[in-house]
Asker: 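Shown below is the structure under consideration.
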There are 2 protein chains.
Amino acid sequence: MIDAAGLRVIKAISDHGSFTAAAASLGYSQPAISQMVRRLEDRTGTVLVERLGRSVRLTEAGQVLARHANPVLAALDAAEAEVAAIAGLRAGRVRLMAFPSSSSTLVPRALALVKQRFPDVHVTFSEAEPPESLAALRSGECDVAVAFAYEGTDLARGEEDLDSFVTRPLLEDEVRLALPLNHPRAKATKIKLSDMADEPWIAGCPRCRGHLLSLADRAGFNPDVAFETEDYVAVLGLVAEGLGVALVPDLIRRSAGNPGVVTLPIDPASRRTVYAVTTPDLQRVPAVAATLDALCEAATAKGVCTG
Amino acid sequence: MIDAAGLRVIKAISDHGSFTAAAASLGYSQPAISQMVRRLEDRTGTVLVERLGRSVRLTEAGQVLARHANPVLAALDAAEAEVAAIAGLRAGRVRLMAFPSSSSTLVPRALALVKQRFPDVHVTFSEAEPPESLAALRSGECDVAVAFAYEGTDLARGEEDLDSFVTRPLLEDEVRLALPLNHPRAKATKIKLSDMADEPWIAGCPRCRGHLLSLADRAGFNPDVAFETEDYVAVLGLVAEGLGVALVPDLIRRSAGNPGVVTLPIDPASRRTVYAVTTPDLQRVPAVAATLDALCEAATAKGVCTG
DNA sequence: ATTTTTGATAACAAATTGTTACAATTCAAC
DNA sequence: GTTGAATTGTAACAATTTGTTATCAAAAAT
């Protein structure tokens, strides 16, 4: 019934003492004010303005509206300012989820970039493997997920539909074989997986284990998985102690290298692609876009970012 | 830019979780909500709602608006309620100015009527002679004036323009001659002013003095005005002490009768009319109308109220 | 008295806000 | 899988609201 425009008009009249001056202060023509007041009076069923020949004065009811105008308009302005701050990257919160091995360098570098450029944009961060991070994205618990897909498999393992997501490739990550330093083949420049068919294997996260099984199958053997752990530092530790060999993405070696371990390219080569993932809607949120950009830039030092 | 309607829509979406439910809760069709959100997003240049297939969720910016919605809408409702209270006579203030001799019975009775009918309407009251009360009405210092005009003269003494006022006759007040009880003519039933040409006179307020001079002139003499006072109780006291005779409106005698004084009709008769005066705008304010009605009713006991 | 200032009104233009009908999508259930 | 109910988006249109210009009438100031 009464809206912000009406209050603005009443307040202008109260402040300036005439319709004409109120109109000028609001950038309207004088008849616009006349009609606005008339409409308000019709709607409220009350006289709001006393016409005294040349000047006007608010009645008690008009003064009531004028008194309420300030808080209401101030609150509206505040709301607008807050939204504008988010739109202008002077505020905003982005909830990022990334898989553990990305946390070591890629994500911290991206967070630093965002913070440097937009100090008031807050990126919160938590670790999760791709299936959970994508589920969190879908359910609204996070805004950006950093996930990966092994060559030839879908990002979401084929089961989830990806149409509802927007993906941005960040970098290509080569999958290498990790051997203990004292292993007989540690000096090779390249290795066939089938050569390792009789070694005990150490597997990483479930998807990595799946990838290992898939590659081994293609190489014609069934690996003996002696240990499984999601913690890649532990994987490398186990390898260093000579308890087995493992497939590890290059990112791991570079960020958490273990001096007792060497990694070699495998033949045929295999890679995984690391993506930043979000939704089409969120992609248009400035703070989210800035985070994606930062991830992209942080990645270019290591890989190719097309975006 | 952002208005109350927009906030209402965002709040409804936040509360109900879908456009359809929000539309139902606001009595709109679903496309109305879709378009409203789209407009808001265009205006703010920000994504406010994440579309997740079947349901929707507010983005951070959307949540900001939803959070501001409550205070703004509550303040608007409060403003509306206050105005409605004034319109519905559950609130309101009327500033009444009346000339002194009306204060004794007419005005108190009217105030009591208003208070009985509309306990939350506050009528404040102050005394002023007609010229000042009308000036106060014009300048906005009061809402209703109780004034009088002697027969044949304008309410505002001819100088002021009455077009800008609305008048409502309350009662006719006969002008009588006050004599001390022991005056030789105290037993007469009617008296010609010319019979009193040689008496000392006591004059009331300036306008009353003017009326005395005018009547005396018509009766062919020039009265010897021995005392002047605006206080009619004093006038009657002076008369009772035999210090002179006076013209007093009947209202005075009835409300402040002095046992040492008799009042007689004069010939030719003279009356004054008591009016309630306000402005056309204020007349439409319910509390003012109620006060006018009460004055009218309070007067019917004594005179004729046409209104 | 005349001029300037101010509000009201009429007629019209433009923007807004809403509706209905229908297409497209999602999600759950069979 | 496939169907079906539920939900959002879009297009076309109608109604309302909101603003402008031109003009009038009244009030104040000179």
Side-chain angles (χ1 to χ4, degrees), chain A residues 1-10 12-14 16-44 47-59 62 135 138-140 159-165 279-281 284, chain B residues 1-10 12-13 16-43 47-59 62 135 138-140 159-165 279-281 284:
Chain A
M1 182 160 162
I2 294 176
D3 59 348
L7 290 187
R8 227 183 303 273
V9 166
I10 289 290
I13 293 171
S14 167
H16 297 94
S18 82
F19 284 16
T20 301
S25 83
L26 294 175
Y28 289 154
S29 64
Q30 167 266 313
I33 306 296
S34 272
Q35 298 176 81
M36 189 68 170
V37 170
R38 183 195 164 87
R39 273 195 298 272
L40 281 175
E41 290 186 330
D42 286 350
R43 288 182 198 166
T44 58
V47 184
L48 300 175
V49 175
E50 260 182 282
R51 279 80 167 176
L52 310 155
R54 191 139 117 178
S55 83
V56 295
R57 189 183 20 239
L58 296 182
T59 63
R138 185 178 305 279
S139 77
E159 30 152 286
E160 305 233 21
D161 42 1
L162 277 179
D163 317 350
S164 59
F165 290 141
T279 68
D281 287 327
R284 296 171 44 223
Chain B
M1 182 161 162
I2 293 177
D3 59 346
L7 290 187
R8 227 183 302 272
V9 166
I10 290 289
I13 293 171
H16 296 94
S18 82
F19 285 16
T20 301
S25 83
L26 294 175
Y28 288 156
S29 65
Q30 168 266 315
I33 306 296
S34 270
Q35 297 177 86
M36 189 67 171
V37 170
R38 183 196 166 87
R39 274 195 296 271
L40 281 174
E41 290 186 331
D42 286 350
R43 288 182 199 165
V47 184
L48 300 176
V49 176
E50 259 183 281
R51 280 78 167 177
L52 310 156
R54 196 139 113 174
S55 84
V56 296
R57 184 177 337 114
L58 295 182
T59 65
R138 184 177 307 277
S139 75
E159 29 153 286
E160 306 234 19
D161 45 359
L162 276 180
D163 317 350
S164 58
F165 291 140
T279 69
D281 287 326
R284 297 173 41 224

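Every chain is numbered from 1 and lettered A, B, ... according to where its sequence line falls, protein lines coming before strand lines.
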Asker: How long is the line joining CG of Leu26(A) and P of dT20(D), in whole Å?
Answerer: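 Whole-Å distance recorded here is 11 Å.
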
Asker: Which sits closer to the 5' end of DNA chain C, Val56(A) or Ala32(B), going by the nucleotide each is nearest to?
Answerer: Val56(A)

Asker: Under the rule for side chain to side chain contact (heavy atoms under 4.5 Å, CB included), what residues qualify as partners of Ser34(A), not counting sequence neighbours?
Answerer: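 Ser34(A): side chain to side chain contact (heavy atoms under 4.5 Å, CB included) contacts with Phe19(A), Gln30(A).
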
Asker: For Asp281(A) and Arg51(B), indicate whether the former's side chain and the latter's backbone hold a donor-acceptor pair under 3.5 Å.
Answerer: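 Side chain of Asp281(A) to backbone of Arg51(B), a donor-acceptor pair under 3.5 Å: yes, one is there.
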
Asker: If I take atom CZ in residue Arg138(B) and atom C1' in nucleotide dA26(D), what distance separates them, rounded to the nearest angstrom?
Answerer: 14 Å

Asker: Using atom CG of Asp42(A) as one end and atom C1' of dT16(D) as the other, report the distance to the nearest whole Å.
Answerer: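 For the pair Asp42(A) CG and dT16(D) C1', the rounded distance is 15 Å.
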
Asker: Whole-Å distance between dA8(C) P and Met36(A) CE?
Answerer: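 That distance rounds to 15 Å.
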
Asker: Sequence neighbours excluded, which residues qualify as salt bridge (Lys or Arg N to Asp or Glu O under 4.0 Å) partners of Arg8(A)?
Answerer: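 Residues passing salt bridge (Lys or Arg N to Asp or Glu O under 4.0 Å) with Arg8(A): none at all.
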
Asker: Quick one: are Val37(A) and Ile13(A) in side-chain contact, heavy atoms under 4.5 Å?
Answerer: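 A side-chain contact exists here, since the closest heavy-atom pair is under 4.5 Å.
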
Asker: Output the single nucleotide from dG18(C), dA8(C), dG19(D) whose closest atom is nearest the side chain of Arg51(A).
Answerer: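 Given the options dG18(C), dA8(C), dG19(D), the side chain of Arg51(A) is closest to dA8(C).
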
Asker: Given atom CD of Glu41(A) and atom C1' of dA8(C), what is their separation to the nearest angstrom?
Answerer: 12 Å

Asker: Rounded to whole Å, how long is the line connecting atom CD1 of Ile33(B) with atom C1' of dT10(D)?
Answerer: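 Distance check: Ile33(B) CD1 to dT10(D) C1' gives 16 Å.
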
Asker: List the residues meeting side chain to side chain contact (heavy atoms under 4.5 Å, CB included) with Ala12(B), not counting sequence neighbours, and say none if there are none.
Answerer: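 Side chain to side chain contact (heavy atoms under 4.5 Å, CB included) check on Ala12(B) returns His16(B), Ala22(B), Ser25(B), Leu26(B).
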
Asker: Between P on dT8(D) and CD on Glu50(B), what's the gap in Å once rounded to a whole number?
Answerer: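 Nearest whole value for this atom pair: 14 Å.
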
Asker: Could you pull out all residues at least two apart from Arg39(B) that satisfy side chain to side chain contact (heavy atoms under 4.5 Å, CB included)?
Answerer: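 Side chain to side chain contact (heavy atoms under 4.5 Å, CB included) check on Arg39(B) returns Gln35(B), Met36(B), Arg43(B).
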
Asker: Indicate, with a heavy-atom threshold strictly under 4.0 Å, whether Leu52(B) touches base, sugar-phosphate, or nothing.
Answerer: sugar-phosphate

Asker: Please tell me which of the listed nucleotides, dA8(C), dG18(C), dT21(D), lies nearest to the side chain of Ser29(A)?
Answerer: dT21(D)

Asker: Using atom names, set out every protein N or O paired with an N or O of nucleotides 9-13 of chain C below 3.5 Å, distance rounded to 0.1 Å.
Answerer:
none

Asker: Phe19(B) CZ to dA6(D) P: how many Å, rounded?
Answerer: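 My rounded result for the distance is 19 Å.
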
Asker: Find which nucleotide of DNA chain D each of Arg43(A) and Ser55(A) is nearest to by heavy atoms, and output the residue with the more 5' nucleotide.
Answerer: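 Taking each residue's closest nucleotide, the earlier one in sequence belongs to Arg43(A).
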
Asker: Test of understanding: with side chain to side chain contact (heavy atoms under 4.5 Å, CB included), list the residues that count as partners of Ser55(A), not counting sequence neighbours.
Answerer: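 Residues passing side chain to side chain contact (heavy atoms under 4.5 Å, CB included) with Ser55(A): Leu52(A).
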
